[in-house]
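A short write-up of the structure that comes next.
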Amino acid sequence: MEDKRSLVATLQGVKAINGKSFSEIAAATGLTNVYVAQLFRRQAQLKPETVASLRSAVPQLDDAQIEAMMRPPMRSYDPTLLQEPAVYRLHEAVVHFGESIKEIINEDFGDGIMSAIDFFCSVDKIKGIDGKDRVVVTFDGKYLPHTEQKTEHSAALRQYK
């Protein structure tokens, strides 16, 4: 975990030297701003087809850093992260609205869930009708229906018969 912390600190330092925001890097790479932030936090994997555009957007990244960003990451979080007010409020919003969101997913799609793997997330800034800044967080995940577990559909169970 210490290696990850050290790499994340290095990547964050490179981003600071570069001076571009996550949204600016996202616009240059065709990625969402949250995915770019995940790359710099080693929570997502840099794909080969994105290397050139990331190098162009952040030329200060060296070969070793790019190679490290291309390795499958250890996706994890520090449990104390919930003590950060912005993260806690986001967590609170999901928990507060979660049951209603789940019911609407069930009404509109059926019994299932939203994927967090085939998933896009972005954060945008807009002006509200009162002229004040508002935060828009978009979760865009593939719908995954729960399956009825029939033995005839289980490859493992059919293999042992």
Side-chain angles (χ1 to χ4, degrees), residues 1-102 104-105 108-109 112-145:
M1 190 62 130
E2 191 57 43
D3 289 339
K4 180 178 178 178
R5 284 189 191 121
S6 175
L7 178 58
V8 167
T10 300
L11 293 173
Q12 295 286 328
V14 169
K15 180 191 168 287
I17 290 166
N18 177 267
K20 291 180 183 164
S21 69
F22 291 123
S23 293
E24 290 170 327
I25 298 168
T29 58
L31 301 171
T32 68
N33 55 4
V34 173
Y35 195 84
V36 169
Q38 291 287 81
L39 287 172
F40 280 83
R41 298 208 63 76
R42 286 300 292 133
Q43 292 290 94
Q45 182 183 25
L46 177 62
K47 304 298 184 187
E49 58 272 15
T50 307
V51 170
S53 61
L54 183 63
R55 277 190 190 277
S56 178
V58 188
Q60 297 86 350
L61 287 167
D62 65 31
D63 289 343
Q65 292 159 347
I66 291 288
E67 287 175 22
M69 294 173 87
M70 292 179 71
R71 288 194 302 267
M74 172 59 80
R75 292 172 176 91
S76 60
Y77 73 97
D78 181 343
T80 62
L81 183 62
L82 282 177
Q83 295 172 2
E84 159 52 46
V87 174
Y88 178 78
R89 288 293 179 229
L90 183 58
H91 177 262
E92 181 181 48
V94 170
V95 170
H96 179 75
F97 292 98
E99 282 186 286
S100 298
I101 293 168
K102 181 233 184 287
I104 293 168
I105 289 170
D108 290 352
F109 295 91
I113 61 171
M114 178 180 64
S115 173
I117 302 294
D118 188 344
F119 182 84
F120 299 87
C121 183
S122 62
V123 177
D124 296 289
K125 178 180 176 180
I126 64 168
K127 290 286 182 192
I129 58 171
D130 59 1
K132 294 182 181 173
D133 289 341
R134 300 192 63 83
V135 177
V136 178
V137 178
T138 302
F139 288 174
D140 177 354
K142 178 181 178 181
Y143 171 70
L144 301 172

Which residue pairs satisfy the side-chain hydrogen bond (donor to acceptor under 3.5 Å, both in side chains) criterion with at least one member in residues 36-45, sequence neighbours excluded?
Lys4-Gln43, Gln45-Lys47
dist Ile113:CD1 -> Lys142:NZ (nearest 0.5 Å) comes out at 11.0 Å
Minimal non-hydrogen separation, Leu11 against Gln65, with atom names:
CD2-CB, 4.0 Å
Taking every non-hydrogen atom, the tightest pair across Ala26 and Val36
CA-CG2, 3.7 Å
Which heavy-atom pair separates Ile105 from Gly112 by the least distance, and what is that distance?
CG2-O, 4.1 Å
How far apart are the closest heavy atoms of Leu54 and Phe40, and which atoms are they?
CD1-CE1, 4.3 Å
Please check if the number of heavy atoms outside Ile117 that lie under 6.0 Å from its CD1 is greater than 12.
no
Does atom CZ (Phe119) have a neighbourhood of more than 12 heavy atoms from anything else shown, all under 6.0 Å?
yes
Quick one: OG1 on Thr10 to CZ on Arg5, what's the gap to the nearest 0.5 Å?
14.0 Å
Does the Ser23 side chain pair with the main chain of Asn33, one donor and one acceptor, at a distance under 3.5 Å?
no
Separation of His96 NE2 from Arg89 CZ (nearest 0.5 Å):
12.0 Å
Could you tell me if the side chain of Val51 sits less than 4.5 Å from the side chain of Met70, heavy atoms only?
yes
Give, for atom CG of Leu39 and atom OG1 of Thr29, the distance between the pair rounded to the nearest 0.5 Å.
8.0 Å
Where Thr50 and Leu31 come nearest, the two heavy atoms and their spacing:
CG2-CD1, 3.7 Å
Just how far is it from atom OG of Ser115 to atom CZ of Phe139, taken to the nearest 0.5 Å?
12.5 Å
Have Asp78 and Thr80 got a donor and an acceptor in their side chains that come within less than 3.5 Å?
yes
Decide yes or no for Lys127 and Asp133: does some side-chain heavy atom of the first lie under 4.5 Å from some side-chain heavy atom of the second?
yes
Separation of Thr32 OG1 from Phe22 CZ (nearest 0.5 Å):
11.5 Å
Decide if atom CD of Glu99 counts as having more than 12 heavy atoms of other residues, nucleotides or ligands within a radius under 6.0 Å.
no
How close do Ala28 and Ala57 get, counting heavy atoms only, and between which atoms?
CB-CB, 3.7 Å
Counting N and O atoms only, with roles assigned by atom type, does the side chain of Ser56 sit under 3.5 Å from a partner on the main chain of Ala52, one being a donor and the other an acceptor?
no
Would you say that more than 12 heavy atoms from the other residues, nucleotides or ligands in this model lie under 6.0 Å from the CZ of Arg134, or not?
no
Atom CZ of Phe120 with >12 non-hydrogen neighbours under 6.0 angstrom
no
Of all residues at least two apart in sequence or in a different chain, which pass the side chain to side chain contact (heavy atoms under 4.5 Å, CB included) check with Asp130?
Lys132
Check: Met114 and Ile101 side chains under 4.5 Å, non-hydrogen atoms
no
